[in-house]
Protein chains: 2
Amino acid sequence: MINVKKEGKLTIRDIAALAGVSAGTVSRTMNGQAGVGQETRLRIQQIIEEHRFQVDPTARMLSTGRSQTLAVVFPLHASEVVMHPIYPALLGALGDAAERAGYDILLLTQSAEKAAHVVDTVVRRRVDGVVLPAAGPRDPLIKELTGIGAPTVLIGHRTNREGVGWVDSDHDSAAHDLTRLMLDTGRRELVLLNGPAHVSACKLRSAGFWKCVKAAGDAVTSAREVRVPFDTDAATAEALKILSGPSRPTGVVCGSDTIAAGVMDAAHSLGLRVPDDVAVTGFDDRSFAARTTPTLTTVRMPLDEIGRTAAQMLFAMISGGPAPRKVILSTEIILRGSTPAREL
Amino acid sequence: MINVKKEGKLTIRDIAALAGVSAGTVSRTMNGQAGVGQETRLRIQQIIEEHRFQVDPTARMLSTGRSQTLAVVFPLHASEVVMHPIYPALLGALGDAAERAGYDILLLTQSAEKAAHVVDTVVRRRVDGVVLPAAGPRDPLIKELTGIGAPTVLIGHRTNREGVGWVDSDHDSAAHDLTRLMLDTGRRELVLLNGPAHVSACKLRSAGFWKCVKAAGDAVTSAREVRVPFDTDAATAEALKILSGPSRPTGVVCGSDTIAAGVMDAAHSLGLRVPDDVAVTGFDDRSFAARTTPTLTTVRMPLDEIGRTAAQMLFAMISGGPAPRKVILSTEIILRGSTPAREL
DNA sequence: CTATACAACGCAACCGGTTGCGTAAACCGG
DNA sequence: CCGGTTTACGCAACCGGTTGCGTTGTATAG
């Protein structure tokens, strides 16, 4: 289909002919292998440069089995998940890092827990490494990928499985700091309205919350944790109960911005003022967080850094070099109107 | 790197041996070409099925020059653009359609107007077709891609250039309908606070707005159009002038949700009630549109359908068949609180 | 001064499909 | 029953790199 302009169709043998050597020598030169004289090497490099020769990745792929390709796997149809705006940012950073390293990115979709198609594509396309930005820690795909020896990196989940790398945000500290913020602004009755227990990020946030509460001792009057889905309406319903019940909290730390939005809705409909009567925080810094009333204090993930780190981790794994296989990156608290200005 | 399990490593020659024919015959069978006897064909298909043989796309790629790959090109670093949440949805639909057709998707990033790298990758990777979801109509990349004969589909921009397909939302009608909505709810003093003039979608929205205004005749008391960047703060500044000036509009149709958010901010700070004093509409149905105060009436693009259509268009172009090369898909108005409930 | 070790390359066989061409067998009408 | 087509298939040369092995020439050691 694609018409390659004739004169651009240089092959390695053409270069070899121009340099008066064999194709093998050109190949060795390009790959920096030994067995080529200094003088010959320079001459070949000169000619390559001059003619802007580029190796055909397909041919190389066929003979080496490597492809200079990274795959990123997304769940299909899981719209609630894929739509999460962290992905564009992640993809951008990944793509950037990949391009810089001469890799291309293949976008795979995983239909309904069926690992087969993804594994298949990885093998047949000779994908060098795989990023799983949305796989649960128990996803069978992980085992299958490591089974075939594919370097794999998880994003947003932690695992102890051998041969799998991961990079995650420091949910623990972030939740701790938010809780700390509540206490520092005089909130002593706290609720953590967390996301589902099966989401590992939520477990970590829970840990951070409780660690801060424990450490605060008498500074906190009451503290409890409630789980809801990542859903504004469900959060509203739950928050209505919490905010109208006995021992009304003065600070609600939420497991996501969507949940926080629900809490603020509930507060408004009960006539409570945010943050005066009840302070609220979210997680993720979704675009609407800057547009709620009041604007939402939340946590921003270092998406750029996560993407870059995942790519670099994969490169290290591909080349077999030593590298950190587990990375936790710190987050940033975005202070807005749903928490009181720090007092004193 | 990837260890293929040995027994899975069937080649076309293995199949040929099993069927007692030559590799060429197997190849012809798989590609449905003539020159194979009915009986032989069935036997070969049987064996292929039985051993779950799959062709090696890399090898095929090398010899045919086709790759069963579609590329999607995103601008790099243009964060404001890439972050736009339409992309995840688009990618999802594209990936879905591609997978169904046995294609994979390559994600390319276009660094700063440099078409070279993208074109290079398209040629070297034998990409069969390219989707440009974020290229301006004058992007040099378009010419370069058609120059090498690569089937190309634009999303969100229309062009008359030969050999380029496009699919876009019906911005014209959407703007028309929003304007109509204003009139139907008794708003006679209108402003279109549109996005930058160089964005083709904005031109179309402008056309739709004016068409409705013209058709309405005396039903509209005043109407004008102002351009601002897609930026909430800039929109707020402009809206402050518009709303506090003489002949205050009672309806503001905005070129994007971000602009609409700015207008609502301005209205609030002037003590104007939305929608009672001034009705506001947006465009895009960004996630925050459901969370502003009041919630924002806006337009939802048929992202799924756009993605699907783009993929199908590419397939048609690849196979050289006839197909619509220009598709306009209709949008959906999401009625929320920033416009009055339809009266009467 | 000869035997041995390297370094620098060429050769050719891969990698796993595709395809033009040649040939033998089956088929056709007369 | 024969010459001429058609059909079914094998052969081998691609596609464009990579790589193990063999050969040559030169430096080093003995």
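First the proteins, then the strands, lettered A, B, ... as listed; each starts at 1.
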Measure the spacing between [atom1] of [X] and [atom2] of [Y] and express it to the nearest 0.5 Å.
{"X": "B:Arg308", "Y": "B:Asp96", "atom1": "CZ", "atom2": "CG", "result": "8.0 Å"}
{"X": "B:Arg126", "Y": "B:Arg124", "atom1": "CZ", "atom2": "CZ", "result": "10.0 Å"}
{"X": "A:Gln54", "Y": "B:Asp120", "atom1": "CD", "atom2": "CG", "result": "4.5 Å"}
{"X": "A:Leu107", "Y": "A:Leu91", "atom1": "CG", "atom2": "CG", "result": "6.5 Å"}

Side chain of B:Arg13, base of C:dG17: donor and acceptor closer than 3.5 Å? yes
Any N or O donor-acceptor pair linking the side chain of B:Arg28 to the base of D:dG10 at under 3.5 Å? yes
Return the value, rounded to whole Å, for the distance between atom [atom1] of [X] and atom [atom2] of [N].
{"X": "A:Arg41", "N": "C:dC9", "atom1": "CZ", "atom2": "P", "value": "9 Å"}
{"X": "B:Leu62", "N": "C:dT19", "atom1": "CG", "atom2": "P", "value": "12 Å"}
{"X": "B:Met30", "N": "C:dT19", "atom1": "CE", "atom2": "C1'", "value": "13 Å"}
{"X": "A:Leu42", "N": "C:dC9", "atom1": "CG", "atom2": "P", "value": "11 Å"}
{"X": "A:Met61", "N": "D:dC15", "atom1": "CE", "atom2": "P", "value": "18 Å"}
{"X": "A:Glu39", "N": "C:dA7", "atom1": "CD", "atom2": "C1'", "value": "14 Å"}
{"X": "B:Asn31", "N": "C:dG17", "atom1": "CG", "atom2": "P", "value": "11 Å"}
{"X": "A:Asp56", "N": "C:dC15", "atom1": "CG", "atom2": "C1'", "value": "13 Å"}

Hey, does [X] reach any base, or is it just sugar-phosphate, or nothing, if we go heavy atoms under 4.0 Å?
{"X": "A:Thr58", "answer": "nothing"}
{"X": "B:Gly24", "answer": "base"}
{"X": "B:Val26", "answer": "nothing"}

Phosphate OP1/OP2 of [N] contacted by [X] side-chain N/O (<4.0 Å):
{"X": "A:Lys9", "N": "D:dG16", "value": "yes"}
{"X": "A:Arg60", "N": "D:dG16", "value": "no"}
{"X": "B:Thr11", "N": "C:dG16", "value": "no"}
{"X": "B:Ser22", "N": "D:dG10", "value": "yes"}

Neighbour count >12 (heavy atoms, 6.0 Å) for atom CD, B:Glu49: no
When you look at CD of B:Glu39, are more than 12 heavy atoms from neighbouring residues, nucleotides or ligands closer to it than 6.0 Å?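 At most 12 heavy atoms, drawn from other residues, nucleotides or ligands, come within 6.0 Å of this atom.
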Assess the residue pair B:Thr121 and B:Val127 against the criterion (side-chain contact (heavy atoms from CB on, under 4.5 Å)); give the C-alpha distance rounded to whole Å, side-chain angles, the decisive distance to 0.1 Å, and a yes or no. CA-CA 8 Å; B:Thr121 308; B:Val127 168; 5.6 Å; no
Counting heavy atoms from C-beta on, name the nucleotide in [options] closest to the side chain of [X].
{"X": "B:Ser27", "options": "C:dT18, C:dA8, C:dG17", "value": "C:dT18"}
{"X": "A:Thr40", "options": "C:dG17, C:dC9, D:dT18", "value": "C:dC9"}
{"X": "A:Thr25", "options": "D:dG16, C:dG10, D:dT18", "value": "C:dG10"}

Should the pair B:Arg60-B:Asp56 be classified as a salt bridge under the 4.0 Å nitrogen-to-oxygen rule? no
Please figure out whether B:Ala59 or B:Gly35 has its closest DNA chain D nucleotide nearer the 5' end. B:Gly35
Pairs under 3.5 Å (Watson-Crick or G-U), crossing ones as [ ], inter-strand ones as |: DNA chain D comes out as ||||||||||||||||||||||||||..||
